[in-house]
Amino acid sequence: MPKPDFSDQDRIAGEASSWFARLQADDATAADRAGFRRWHDADARHARAWEEVTAIFDATAQAWMPAQQRGLSRSPIRALAAMLALAIGLGALLGPDYLVDLRSDYTTGTAERRQVTLADSSQVELNTGSAIALDWSDSGRRIRLLRGEAYFQVKPDSARPFIVETPQGEVRAVGTAFAVRRDGDRVRVTVTQGIVAAGPKRGDMASLRLTAGQAVSFDKAMTLPVEKVDAQARTAWRQGQVVFRQRPLAEVLAALDRYRPGAILLLDSALGQRLVTGAFDIDDTDKALAAIEKVLGLHVRRVTPYLVLISAEG
């Protein structure tokens with residue numbers, strides 16, 4: 001079985017959890033503790049991940065252990081550490097989303113969307129299959145987009161910058177509205193209102209200034225040219241739609257696939273180049289597939305509720 005392709009953050013979270021379980025074991029040695037200290041001090045992200053794991057453990061222990069046992073015996077602590085190690089093992093089987101959700105504040109599942117009002121009255125809308133974690137302080141407002149896509153309507157506060165972080169880079173805004181989407185190793189930023197600065201984390205690359213109706217994509221190493229886009233169409237998922245104008249069928253099916261359980265498989269890759277124009281309801285992807293089937297003359301076969309095969313008609 002191939003190993004899941006974890007991001008750096010997921011890998012570090014797994015390492016932190018493994019160290020936690022190891023240090024709670026009966027046979028933990030001085031060499032183990034020294035190895036942990038070297039790992040912890042090697043990278044600031046390691047220290048941050050360790051804090052998150054211990055916070056998860058503390059919250060779980062408070063709920064799991066009877067009050068009279070708290071602080072009196074290491075046996076429950078070791079048992080809970082073993083459970084945490086098992087959870088990490090399950091995470092390797094279930095995929096990176098499992099570990100991501102453990103350290104998130106808000107998530108959405110497949111075909112789910114969610115709106116959140118933050119403590120400063122800013123609004124966040126999560127698209128399908130998304131997760132964010134908050135890092136709030138008196139000096140700044142940071143949100144880590146752990147997976148998926150989110151739309152932000154930011155309450156102005158010049159004393160507390162509003163920053164959206166991803167492994168590839170960050171987006172900084174003051175009183176604006178914009179969407180950020182993680183797509184594989186790349187991040188896409190679309191601005192609907194106001195101004196944002198966005199770009200990779202590399203210190204030798206300056207952030208780009210984006211205004212309403214502009215978008216940019218970047219990864220850790222490079223930034224693509226700024227595009228003029230239909231920002232309302234790009235964020236139409238907020239109104240329950242996906243909108244396409246002369247886009248390849250493969251791209252359209254990939255978008256619809258995000259809003260339904262299971263998979264949509266295109267059996268002939270050449271069909272994926274056919275162009276599609278339309279607005280489709282993401283709350284009824286079967287209806288969208290039926291429309292595509294009729295307009296393009298394709299054959300859509302629903303093998304199970306979780307598997308759809310698409311081929312040329314006949």
Side-chain angles (χ1 to χ4, degrees), residues 2-19 39-53 55-56 88 91-92 94-109 116 118 124-137 140-152 154 161-173 178-191 196-208 210 215-226 234 254 258:
K3 293 182 179 179
D5 183 20
F6 293 107
S7 69
D8 285 346
Q9 285 187 331
D10 298 329
R11 174 182 56 79
I12 292 170
E15 290 172 355
S17 299
S18 296
W19 274 117
W39 173 86
H40 180 277
D41 295 343
D43 192 319
R45 295 175 299 172
H46 294 180
R48 186 171 185 173
W50 178 254
E51 291 177 358
E52 292 176 349
V53 167
I56 291 170
I88 297 304
L94 298 175
D97 288 354
Y98 179 83
L99 293 176
V100 166
D101 289 351
L102 284 178
R103 53 193 174 89
S104 64
D105 290 299
Y106 300 100
T107 67
T108 53
V116 178
L118 304 178
V124 181
E125 295 177 56
L126 298 180
N127 200 355
T128 178
S130 302
I132 60 173
L134 308 183
D135 185 2
W136 237 236
S137 70
R141 300 167 290 173
R142 287 184 174 269
I143 296 181
R144 283 178 288 151
L145 180 61
L146 303 176
R147 60 183 173 93
E149 181 175 18
Y151 181 81
F152 303 90
V154 181
F162 190 102
I163 299 172
V164 178
E165 296 180 341
T166 71
Q168 294 79 13
E170 63 181 33
V171 182
R172 181 183 294 259
F178 60 98
V180 183
R181 176 180 172 184
R182 288 182 60 174
D183 189 6
D185 293 330
R186 184 166 291 171
V187 170
R188 185 181 74 189
V189 180
T190 303
V191 182
V196 306
K201 287 184 175 179
R202 281 179 49 182
D204 60 338
M205 297 187 69
S207 294
L208 294 174
L210 303 176
V216 72
S217 296
F218 58 86
D219 57 23
K220 291 181 179 180
M222 65 175 292
T223 302
L224 297 179
V226 174
R234 281 269 184 106
R258 297 172 60 207

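All residue numbers refer to positions in the sequence shown, counting from 1. Keep in mind it's a predicted model, so treat the numbers as computed, not measured.
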Which residues satisfy the salt bridge (charged side-chain N to carboxylate O under 4.0 Å, His left out) test with Asp135, sequence neighbours excluded?
Arg48
Which residues satisfy the salt bridge (charged side-chain N to carboxylate O under 4.0 Å, His left out) test with Arg188, sequence neighbours excluded?
none
Can you sort out the partners of Phe178 under ring-ring contact (aromatic ring centres under 6.0 Å, His included), two or more places apart, ordered by chain and number?
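So Phe178 forms a ring-ring contact (aromatic ring centres under 6.0 Å, His included) with Phe152.
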Output all residues satisfying side chain to side chain contact (heavy atoms under 4.5 Å, CB included) with [X], sequence neighbours left out; order by chain, then residue number.
X: Leu118; value: Val116, Asp120, Ser122, Val124, Leu134, Trp136, Ile143, Phe162
X: Ile163; value: Arg142, Pro161, Glu165, Glu170, Arg172
X: Asp183; value: Arg181

Partner residues of [X] under the side-chain hydrogen bond (donor to acceptor under 3.5 Å, both in side chains) criterion, sequence neighbours left out:
X: Gln168; result: Thr166
X: Thr190; result: Arg234
X: Tyr106; result: none
X: Asn127; result: Glu149, Tyr259

Identify the heavy atoms of [X] and [Y] that sit nearest to each other, and give their distance.
X: Ser104; Y: Ala133; value: CA-CB, 4.3 Å
X: Ala197; Y: Ser207; value: CB-CB, 4.1 Å
X: Ala150; Y: Leu145; value: CB-CD1, 4.3 Å
X: Phe218; Y: Pro200; value: CD1-N, 3.8 Å
X: Ala131; Y: Thr107; value: CB-CG2, 3.9 Å
X: Ala16; Y: Trp50; value: O-CZ3, 3.7 Å

Interatomic distance, Arg147 atom CZ to Leu126 atom CG [nearest 0.5 angstrom]
9.5 Å
